[in-house]
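To keep things clear, I will list the structure first and then write my remarks on it.
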Amino acid sequence: MSKEKQTEEKSDKVVTRYDRRMEKRKKEEEKERRSWRRFQIISIVILAAIVVSIVFSIGTSFYDRYTVLNQTYFRVGDHDVTRLEYNYYYNNSYNNYLSMYGSYASLMGLDTTMPLDEQTYPGNENMTWKDYFDQAAVTQIQQVKAMVDEAKESGFSYDDGEDLAAYESEIAAQAESASVTEGDYYTMMYGDYATKSRVEPIVEENLLATAYYNHLVEENQPADEDITAYYEENKNTYDTVTYRSFYFEVETDSEEDTAETESAAEETTAAETESAAEETTAAETESAAEETTAAETETAAEEESGMTEEEIAAAMDELKVRADEMAARLEAGEDFEDLCVEYANEDQKESYGGEEDGSLTEEGSYYGAPTAIADWLFDESRQEGEIAVLESESLNRYYVVQFLSRQNDEEATRESIGNLLAGEKVNEHVTEIAGTYTVTDVAGELHYLTVPEETETAEEETTAVETESVTEETTAAETVDAAE
């Protein structure tokens, strides 16, 4: 049979229902195969995208980690400093500042809720607070590197085992107190990728610098006559007095405002200046005490009292009569505490007549005493049992005061003055040698290096003095204490 005939017969073949079902099945199977193929292709593309994303993420994370831990962030002399080491000192500088000034940081223009690089530093309008802490951190690093190099060159040896163990124990305790793991605490304190093992070499170097600094202080103790001369000029800083006191105060329309004024003018001043007395010279602390004074508090007292000047003056005259009366009764031999109970107003009653002697202050410091009575108490002509009535114009008060004794811990005083004078000498030396270590901004992030200097106003000089003490006088020991 010819092919043409076969073709004709095939074309004339009847298409049955079975044939149609089979044809339909074939088409469906082919459609499924095409769909599965498309699914496979799409899946591969999506999977490839996911893989690329994961690889990119891992690569970015690896790059960040490598940058922080291995790349040179800046150079100090011949020393390469990583971002991790910088973070350690930067965070210490920041925490040091907050620890020193606490809630008063806002009064100095620092808002801890805002990014530091968005806040102008009050000492220089061309700088931000981040620039300031950058400068503080780099200065500390310069000092530490310089001291460590000199320590090694001089053959100074130091076993840091005990101090390092104490530091790590303190970190563990702080982590537990914060309810976080030690690993998380290191990250919180010193930034990303900070761990105990990575931070430890930085701490060890810091401990060595601290030990060497203390060694230099011991080597540079002043002569006895220098200590005596310094004490004679600054007795009020080191002596303490024991006394009794009670105050009569004008009762204003707002007792709450009065309490706030008292706290700002007296209790706050005492806390701040007593701390200053321990860390600075008498001249500096006297200046600090004078700044939080009558000029500020008098205005606040008058505005918040709700009374005219004439009304306040009349009330003060009445208080003077009562204060003089109390003083006269004391001179006649009546008990100080008993009289306090008798004269106390409603707000004062809880302070007197209890188990504790509310009128008695033992071994009080000059800077801890109310401004109105401090000079009288620390006048060297005071005699035991002497009584006085003293006025505080800024707080609208009259104090009745009885001097009991003045004392001095000679051994502690001589040690304190010796370390102070030796510390000043060593600080000059450290500043000098650290200044020879040039800072090279490798990463280009230390903007303070290019900030032009600005002439400071009288108001700004106060801030400059305070912050300078952090950058120049803060030793390696203070840095380690802040970290701990």
Would Lys130 and Asp134 satisfy salt bridge (Lys or Arg N to Asp or Glu O under 4.0 Å), going step by step from the backbone distance to the final call?
CA-CA 6 Å; Lys130 182 182 182 302; Asp134 276 339; 2.9 Å; yes
Taking every heavy atom of Asn124 against every heavy atom of Thr120, the minimum-distance pair comes out as O-CG2, 4.1 Å
Side chain Glu363, main chain Thr240, donor-acceptor under 3.5 Å
no
Any donor-acceptor pair under 3.5 Å linking the side-chain atoms of His429 with those of Glu150?
yes
Does Arg397 qualify as a cation-pi partner of Tyr247, given the criterion of NZ or CZ under 6.0 Å from the six-membered ring centre and within 45 degrees of its axis?
yes
Check the pair His447, Asp117 against side-chain hydrogen bond (donor to acceptor under 3.5 Å, both in side chains), reporting the backbone distance first and the verdict last.
CA-CA 10 Å; His447 303 298; Asp117 59 359; over 6 Å; no
Could you list the residues that satisfy side chain to side chain donor-acceptor pair (under 3.5 Å) with Ser405, not counting sequence neighbours?
Gln407
Any donor and acceptor pair, going by atom type alone, linking the side chain of Gln348 with main-chain N or O of Asn345 inside 3.5 Å?
yes
When the aromatic ring centroids of Tyr88 and Tyr190 are compared, is their separation below 6.0 Å?
yes
With a 3.5 Å cut-off and no angle check, do the side chains of Tyr121 and Asn126 form a donor-acceptor pair?
no
Assess, by modelled atom type and distance only, whether the side chains of Asp441 and Tyr448 contain a donor and an acceptor separated by less than 3.5 Å.
no
Quick one: ring pair (Phe, Tyr, Trp, His ring centres under 6.0 Å) pairs with a partner in residues 138-158, sequence neighbours left out?
Phe156-Tyr212, Phe156-His215
Compare every heavy atom of Tyr132 with every heavy atom of Met127, then report the nearest pair and how far apart it is.
CE-N, 3.6 Å
Checking Arg65 against Asp192 for the salt bridge (Lys or Arg N to Asp or Glu O under 4.0 Å) test, could you report, in this order, the C-alpha distance in whole Å, the side-chain angles of both residues, the deciding distance, and whether it holds?
CA-CA 8 Å; Arg65 178 175 176 275; Asp192 292 339; over 6 Å; no
Quick one: closest heavy-atom pair of Leu377 and Val241, and the distance?
O-CG1, 3.9 Å
Taking atom CD of Glu162 as the centre, does the number of heavy atoms from other residues, nucleotides or ligands within less than 6.0 Å exceed 12?
no
Closest approach of Ala172 to Glu182 (non-hydrogen atoms, all atoms of both residues)
CB-OE2, 3.6 Å
Trp129 and Tyr97 aromatic centres sub-6.0 Å
yes
When the ring planes of Tyr90 and Phe133 are compared, do they come out parallel, tilted or perpendicular, using 30° and 60° as the limits?
perpendicular
Please name all residues satisfying salt bridge (Lys or Arg N to Asp or Glu O under 4.0 Å) with Asp131, sequence neighbours left out, ordered by chain then number.
none
Taking side-chain contact (heavy atoms from CB on, under 4.5 Å) as the definition, give me every residue that meets it alongside Asp357, ordered by chain and number, with sequence neighbours left out.
Arg244, Glu337, Ser359, Leu360
With no hydrogens and no angle check, is any side-chain donor or acceptor of Arg406 less than 3.5 Å from a backbone partner on Phe378?
yes
Tell me, please, which residues at least two apart from Glu356 pass salt bridge (Lys or Arg N to Asp or Glu O under 4.0 Å).
none
Check for a donor-acceptor pair, side chain of Ser177 on one end and backbone N or O of Ala173 on the other, with a separation under 3.5 Å.
no
Residues at least two apart in sequence or cross-chain that pass ring-ring contact (aromatic ring centres under 6.0 Å, His included) with Tyr73, listed by chain then number, are Tyr86
In plain terms, say whether Lys235 and Glu380 are close enough for a salt bridge, that is, a side-chain N and a carboxylate O under 4.0 Å apart.
yes
